[in-house]
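What follows is one structure encoded as structure tokens, with my remarks underneath.
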2 protein chains.
Amino acid sequence: MNISTKSEYGLRALIHLASNTGREALPAREIGERWHVPVKYLEQILTALKEAGIVESQVGASGGYRLARPATLITAGEVIRVLDGRLAPVGCVSTYDYEPCEFEPACGLKTLWARTRAAIIGVLDQTTIADLCIPPKPQKLVVLKTASK
Amino acid sequence: MNISTKSEYGLRALIHLASNTGREALPAREIGERWHVPVKYLEQILTALKEAGIVESQVGASGGYRLARPATLITAGEVIRVLDGRLAPVGCVSTYDYEPCEFEPACGLKTLWARTRAAIIGVLDQTTIADLCIPPKPQKLVVLKTASK
DNA sequence: TGAAATCCTAGAGAAACGATGGACATTGTC
DNA sequence: GACAATGTCCATCGTTTCTCTAGGATTTCA
């Protein structure tokens with residue numbers, strides 16, 4: 001049930017682009033250096049995202065990438081589908097990439113996979129890049145030394 | 001986000017064992033033939049399940065495998081963890097197989113992965129082999145010809 | 001004794017993963 | 001116009017993982 005580094009890198013890049021609305025286009029090099037992603041590999045990822053209509057690119061000096069839509073309209077699920085393929089754990093319960101199975105329809109597992117898929121999609125298709133830009137709440141409260149001592 | 005055939009085969013084998021409570025031990029050959037699983041591959045899978053305490057084996061002629069516990073006490077999540085590894089999509093949100101990540105704790109993605117993991121676990125750890133033995137409700141109602149003609 | 005099983009180890013073959021490299025086209029700046 | 005920075009495109013490559021195969025040793029029962 002692993003997410004590939006490809007999706008991980010792609011999401012990081014989109015978060016980076018969404019957080020830098022002030023500037024026009026960001027080069028892949030800058031994103032790669034910030035997030036420790038091999039630049040040439042990142043280019044491939046961004047190219048895939050461009051073909052999917054998620055980012056736009058600008059060639060030439062001072063070129064780079066920018067979001068093709070507001071970050072609120074790009075879901076994590078869409079990004080992962082582009083980079084990693086289907087979200088469903090098996091083909092027989094996928095709508096985007098359905099593959100028949102010899103044991104359908106009387107298959108005890110199909111129900112399990114369908115529920116799993118629904119659970120995954122419920123999270124990934126409801127979360128947008130904008131949601132991911134909000135820093136998470138701190139896990140621990142740091143208790144400051146009191147001045148009473 | 002794929003489930004491997006290993007887990008698929010393992011779950012099928014367990015469903016098969018759970019559905020045949022009358023007999024003592026079932027040989028891997030019988031399960032493999034019924035579910036189109038290569039027998040030698042299935043042996044490896046059943047060995048892993050044995051080491052995990054999910055099935056028991058009996059060596060020798062008329063030997064085979066049986067569940068080590070009632071099917072109601074074996075969850076799909078446990079089986080998949082044994083055969084496929086962790087259920088979490090990335091190591092940084094796994095409790096069974098935690099791996100640190102350089103961007104913790106201020107990582108926008110961690111929250112997403114944690115929610116995804118929770119959603120997956122919510123399904124897989126709540127479903128038992130016994131649940132999977134119940135045939136799913138028919139998708140379509142077949143309307144019988146009435147005798148009125 | 002022999003057939004039918006599990007047990008154990010090794011490894012082949014293919015696919016996926018995670019990059020790397022180079023040539024080329026485009027753009028902005030000096 | 002030269003040049004540097006950038007995206008585009010295509011090819012390749014090493015490693016790991018997945019799926020399955022192979023062969024033999026051991027145990028058990030009739």
Side-chain angles (χ1 to χ4, degrees), chain A residues 1-13 17 23-33 35-52 54-68 80 82-86 89-91 97 99, chain B residues 1-13 17 20 23-52 54-68 80 82-86 89-91 97 99:
Chain A
M1 302 290 287
N2 272 312
I3 283 290
S4 69
T5 62
K6 212 166 180 175
S7 288
E8 180 100 20
Y9 291 166
L11 287 169
R12 280 197 201 289
L17 292 178
R23 299 162 64 186
E24 259 306 286
L26 299 184
R29 180 190 44 72
E30 177 183 320
I31 304 172
E33 283 171 1
W35 295 105
H36 301 12
V37 178
V39 176
K40 294 294 275 180
Y41 192 31
L42 185 57
E43 279 182 12
Q44 294 174 23
I45 293 169
L46 287 166
T47 299
L49 293 175
K50 197 195 77 172
E51 286 166 0
I54 293 173
V55 302
E56 291 170 344
S57 66
Q58 186 181 324
V59 194
S62 77
Y65 299 89
R66 75 175 75 84
L67 297 186
I80 297 171
V82 168
L83 298 175
D84 254 15
R86 64 166 173 249
V90 292
D97 185 24
E99 283 174 20
Chain B
M1 303 291 286
N2 273 311
I3 282 290
S4 69
T5 62
K6 209 166 181 176
S7 288
E8 180 101 20
Y9 292 165
L11 288 169
R12 281 196 200 290
L17 292 179
N20 288 264
R23 299 162 63 187
E24 258 308 285
L26 299 183
R29 181 190 45 71
E30 176 183 319
I31 304 172
E33 283 171 0
R34 168 64 185 88
W35 294 106
H36 301 11
V37 177
V39 176
K40 294 294 270 182
Y41 193 30
L42 185 56
E43 276 182 17
Q44 295 173 20
I45 293 169
L46 287 165
T47 297
L49 293 176
K50 196 195 78 172
E51 285 166 2
I54 294 174
V55 301
E56 290 170 345
S57 66
Q58 185 179 325
V59 192
S62 77
Y65 299 89
R66 75 176 74 84
L67 298 187
I80 297 171
V82 168
L83 298 175
D84 255 14
R86 63 163 175 252
V90 292
D97 185 24
E99 284 174 20

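Reminder, nothing fancy here: chain letters follow the sequence lines and each chain counts from 1. Just so we're clear, the structure is a prediction, and the values are computed from it rather than from any experiment.
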Considering only NZ, NE, NH1 and NH2 on the basic side and carboxylate oxygens on the acidic side, decide whether B:E33 and B:R29 come within less than 4.0 Å.
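A salt bridge links B:E33 with B:R29.
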
Residue pair A:V55 / A:L46: nearest heavy atoms and the distance that separates them:
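Scanning both residues completely, I find the closest heavy atoms to be CG2-O, 3.7 Å.
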
What's the shortest heavy-atom distance between A:L42 and A:G32, and which atoms?
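Looking at all heavy atoms of both residues, the closest pair is CD2-N, 3.5 Å.
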
Atom-to-atom span, [atom1] of [X] to [atom2] of [N] - whole angstrom:
| X | N | atom1 | atom2 | answer |
| --- | --- | --- | --- | --- |
| A:I45 | C:dT20 | CD1 | P | 12 Å |
| B:R66 | C:dA5 | CZ | C1' | 13 Å |
| B:E56 | C:dT6 | CD | C1' | 14 Å |

Each nucleotide of nucleotides 3-9 of chain D classed B (base within 4.0 Å of a protein heavy atom), S (only sugar-phosphate) or -, in 5' to 3' order, makes --BBSBB

Go through the steps to decide whether A:E8 and B:V90 satisfy the test side-chain contact (heavy atoms from CB on, under 4.5 Å), and finish with yes or no.
CA-CA 9 Å; A:E8 180 100 20; B:V90 292; 3.7 Å; yes

Would A:L83 and A:L11 count as a side-chain contact (heavy atoms from CB on, under 4.5 Å) if you check the C-alpha gap in whole Å, the side-chain angles of each, and the deciding distance to 0.1 Å?
CA-CA 10 Å; A:L83 298 175; A:L11 287 169; over 6 Å; no

With a 4.5 Å limit on heavy-atom distance, are the side chains of A:R86 and B:N2 in contact?
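Yes, their side chains come closer than 4.5 Å.
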
A side-chain contact here means heavy atoms from C-beta on lying under 4.5 Å apart; do B:Y41 and B:T5 qualify?
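Touching, per the 4.5 Å side-chain cut-off.
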
All N/O pairs under 3.5 Å across the protein-nucleotides 15-19 of chain D interface:
unit_1: D:dT19; atom_1: OP1; unit_2: B:T5; atom_2: N; d: 3.3
unit_1: D:dT19; atom_1: O5'; unit_2: B:T5; atom_2: OG1; d: 3.2

Show the numbers, then the answer: is there a side-chain contact (heavy atoms from CB on, under 4.5 Å) between A:R66 and A:Q58?
CA-CA 8 Å; A:R66 75 175 75 84; A:Q58 186 181 324; 2.9 Å; yes

